[in-house]
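A short worksheet on the structure shown next.
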Amino acid sequence: MPSWRDHLQRLRVAEHGPALVRAVVARNERVAARVCVLDLRLEEDVPAPSAGQFFLVDCGGGREHLLRRPLSVMGYDPAPQPALIFLVEVVGWGTRRLCAMQPGEKVGLLGPLGRGFGAPAGRFSLLIAGGMGIAPLLFLSHELKSREQACDLIAGFRDSGQVFGGRQDIGSPNGVCTEDGSMGGRGKVCDGLAGRLSEFGYTSVFACGPGGMLEETARVCAAAGVPCQVSLDSRMACGLGMCRGCVKQGAGGANLCVCKDGPVFDSTQVFD
Amino acid sequence: MNESSLMTNLAGIELANPVLLASGTAGYGLELDGLLDMSRLGGLILKSVTIEPWAGNAEPRIWETTGGMLNSIGLENIGVEALIEDVLPRISEIGVPLMASIAGDTVRAFARLASRLESTGALAAVEVNVSCPNVERGGIQFGVDPNATAAVTTSVRENCTMPVFVKLSAAASDLPGIADAASRAGASGLSLINTVPGMAIDPVSRSPRLGNVTGGLSGPAIKPIALKAVYDCFRATGLPIIGGGGIYDAGDVIEFLLAGATAVSIGTATFQDPARATKIVEELPDAVTAAGATTTAELVGRLRTPRNASKGKR
Ligand SMILES: Cc1cc2nc3c(=O)[nH]c(=O)nc-3n(C[C@H](O)[C@H](O)[C@H](O)COP(=O)(O)OP(=O)(O)OC[C@H]3O[C@@H](n4cnc5c(N)ncnc54)[C@H](O)[C@@H]3O)c2cc1C
Ligand SMILES: Cc1cc2nc3c(=O)[nH]c(=O)nc-3n(C[C@H](O)[C@H](O)[C@H](O)COP(=O)(O)O)c2cc1C
Ligand code: FES
C-alpha cells in the first residue's frame, strides 16, 4: 500500500501566491454544441500555473451573480504576451456568459489557485478525463511530454455535444468515447480500466471528472497497486482556503479543502 | 476631501476608516495577503473561534442565490489556541485593529474564550457570535432569546476589559428587545446582522442544495433587512453599531451609516472581489461628499425621515 503521505510530499505546492488580474478575450471558439475554448490575453502576468491549478473567473455577474466560477487551466503561454486557455461547458448563468463573450471583452481572474498534479510515479502515466476534466489533463499531458515523460490520455464525454477533440497547440486525447456512442467508442471512460492498466503497464494514473468516475478509477487503481491522483470538483466562494465553503469529507472523515489543499489529492486521501 | 474625513471612533477604538472585514468571509486575514492592502482597512474581524477546533458541516456548504449566497459552513475553525499561536503573531503585523469573534455552546465557553483572547494583548475588541444559523447548539439559539443573550454578554463582559460587540441575527422576533438586553448586560456595541436563515431545493432531485439542509443567506439580497435591523437597534439602544449585510460599494456604506452604524463590515462581497473592501475605502470620500457631508462620522444615524412618515395611519 503506498502511503498517501509519500504522495502528498510529491504534490507540488504553488510557489507564488495567486494574483488578481484582468484579461481580454482574444478568441472564443465553439468546439461542440455546449463547449467553447476561450483564449485570454492577460493584461499583467500571473505566476506560471501548473497542471491541475485553476482560476476563479469573474463572469461579470456583479451583485446578482456574486461568486466567481472555477475553471481549470488548459493552456498557458508566458510569451510574447501572457495568455491562458480555458475550456468551458455551458451549464448555467456564468458559463453561458463566458461562452457568449466576444473578442475584446474583459474578464477578471484570480489565480492560479490550488495545488496541481504531483510528479508521476514511474515512467508511464495514464490520464483519464471525464467531461471537462479533459482541460487540466491536456495541460498535464503537455507538461509531461515537455519533460519527456510518457503518457496516454483517454477522454469520456456524455455525448457529442460535450466532446472536445483537442487543438494543435494544446494537444489531443489518444482516445475518445461517449456514453451514448454519438462520437468515438460507446461507453464510460473507465470501462475496462483494470485490463488496460495491466496490458500497457501504466505506473501512475491521473483522473479528473465526475465523482463516480473518480471513485471507480481510484478503486481499480488501488486493487492494481497503481498510485492515482484525482482532481475534485466542489462549489467555491473564495478559492483561498478562507471561507471553508468547498470543504469535502475525505477518507476517514477528514476535511479536504478542495480549493487550497486540492483540487488534486492522492486518491487514498479521498476514498476509504 | 482627505483621509481624515474617514476617521472613526468605534466604542473607543480608533479606526482609520469605518470599513472592516466581516467574520468568516476573510478567514484569519492571512489568506488575503498580497491580494489587498490590509493596512488600508479600518480593521479586521477574524473567523469565529471556539475553544476546541470544529470540523464544520456536511457538504455541499455553499449555494449561490439571486443576489447572494447560502452557506452552512458550521463554524469550522482551528480553535482558539491555534489562533493565538499561529495566527495572531502574524496577522498583528499589518497594524490595523483586530477583533476576535467568539462562539461556543455554553455561556462558560464564551467567558473562557474572552479571557483567553484578552490575555494575548493583540486584540482591540471581541465580537460575540450568538447568531450563527448553522450550528445545532450555541448559535442563533442564544441570539434570539433575550435572557440567553444577556447571560452570554454578562459573562463575556465580566471576563475581559476589551470592548464587547454582540453580533445578532435579524431572525429574532423582537430584535430591538434582544439588542436592549445585550445593552443592559454591558455590551459596548452591536454587530448587525449575521446571515439570514434560508434554504434552497433542487426541484428535480427533490433534495436540499445544502448538506446541512438549511443555511444562512448573505450578500446584497439581505441588505434591506440589515439596514432595518441597524435602524431599529440604533433607535432602541443608541449603542455603536458595526453594520453589515450585503454591502457591495461605498454607497451601501453610506446607507448603513445613515441607518445608525458607526462602522461597517464587508462579507460576501469579498468573494466577488478580494480587494473590494479597499476599493470601498477609496470610493468612500466621494460618497461622503455626494451625501452632503464632510466626514463619515457626521452621517451616523442622520437619516432624513420625511416629516409625514407614518405607519399605516387610518
Ligand atoms: C477546480 C475546478 C475546476 C473546474 N474546471 C472546469 C473547466 O475547466 N471547464 C468547465 O467547463 N468547468 C469546470 N469546472 C466546473 C465549473 O466551475 C462549473 O461548471 C461552473 O462554476 C458553473 O457555473 P455556472 O454559472 O455556469 O452555473 P450555475 O449553476 O449557474 O452556478 C451557480 C453556482 O454553482 C457553482 N457551480 C455549479 N456547478 C459547479 C460545478 N460543477 N463545480 C463547481 N461549482 C459549480 C458555480 O460556480 C456558481 O457558484 C471546474 C470546477 C472546479 C471546482
Ligand atoms: C461563508 C461565510 C462564513 C461566515 N462565517 C461567520 C462566522 O464565523 N462568524 C460570524 O459571526 N459570521 C459569519 N458569517 C456572516 C458574515 O460575517 C456576515 O455577517 C454576513 O455574511 C452578512 O454580511 P454580508 O452580506 O456582507 O456577507 C459568515 C458568512 C459567510 C458567507
Ligand atoms: S472556496 Fe473558500 S475555502 Fe475553498
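What you see is a predicted model; the values in this text were computed from it and never measured. Note on naming: letters A, B, ... go to the chains in the order of the sequence lines (proteins, then strands), and numbering restarts at 1 for each one.
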To check you understand the geometry: which heavy-atom pair defines the closest contact between [X] and [Y], and what is its length?
{"X": "B:Pro274", "Y": "A:Leu110", "result": "CG-CD2, 3.9 Å"}
{"X": "B:Glu59", "Y": "A:Lys248", "result": "OE1-CA, 3.1 Å"}
{"X": "B:Arg61", "Y": "A:Arg244", "result": "NH1-O, 2.8 Å"}

Please confirm whether the backbone N or O of B:Ala55 pairs with a side-chain atom of A:Asn255, one donor and one acceptor, at under 3.5 Å?
yes
Can you tell me which of [options] forms the most heavy-atom pairs within a distance under 4.5 Å of chain A?
{"options": "B:Leu32, B:Thr66, B:Leu35", "result": "B:Leu35"}
{"options": "B:Pro60, B:Ala26, B:Gly56", "result": "B:Ala26"}
{"options": "B:Lys47, B:Gln272, B:Met69", "result": "B:Gln272"}
{"options": "B:Pro220, B:Gly34, B:Ala269", "result": "B:Pro220"}

[X] [atom1] to [Y] [atom2] distance, which is reported to the nearest 0.5 Å:
{"X": "B:Leu70", "Y": "A:Arg235", "atom1": "CG", "atom2": "CZ", "value": "11.5 Å"}
{"X": "A:Met236", "Y": "B:Glu64", "atom1": "CE", "atom2": "CD", "value": "14.5 Å"}
{"X": "A:Asp58", "Y": "B:Phe271", "atom1": "CG", "atom2": "CZ", "value": "14.5 Å"}

Side chains of A:Arg63 and B:Asp249: closer than 4.5 Å at any heavy-atom pair?
yes
Test item: B:Thr270 and A:Cys243 side chains (from C-beta on) under 4.5 Å apart, heavy atoms
no
With a 4.5 angstrom heavy-atom cut-off, is it the side chain or the backbone of [X] that approaches chain A, or both, or neither?
{"X": "B:Asp33", "answer": "neither"}
{"X": "B:Ile73", "answer": "side chain"}
{"X": "B:Asp273", "answer": "both"}
{"X": "B:Ala58", "answer": "neither"}

Other residues, nucleotides and ligands only: do more than 12 of their heavy atoms fall within 6.0 Å of CD on A:Glu179?
yes
CD (B:Glu283) with more than 12 external heavy atoms under 6.0 Å:
yes
Given that the side chain runs from C-beta out, which part of A:Leu56 has a heavy atom under 4.5 Å from chain B: side chain, backbone, both or neither?
neither
Per-residue contact mode, A:Ala254 against chain B (heavy atom under 4.5 angstrom)
neither
For chain B, the option from A:Gly108, A:Gly62, A:Gly253 that forms the most heavy-atom pairs under 4.5 Å
A:Gly62
Check salt bridge (charged side-chain N to carboxylate O under 4.0 Å, His left out) between B:Asp202 and all other residues, then give those that pass, not counting sequence neighbours.
B:Arg209
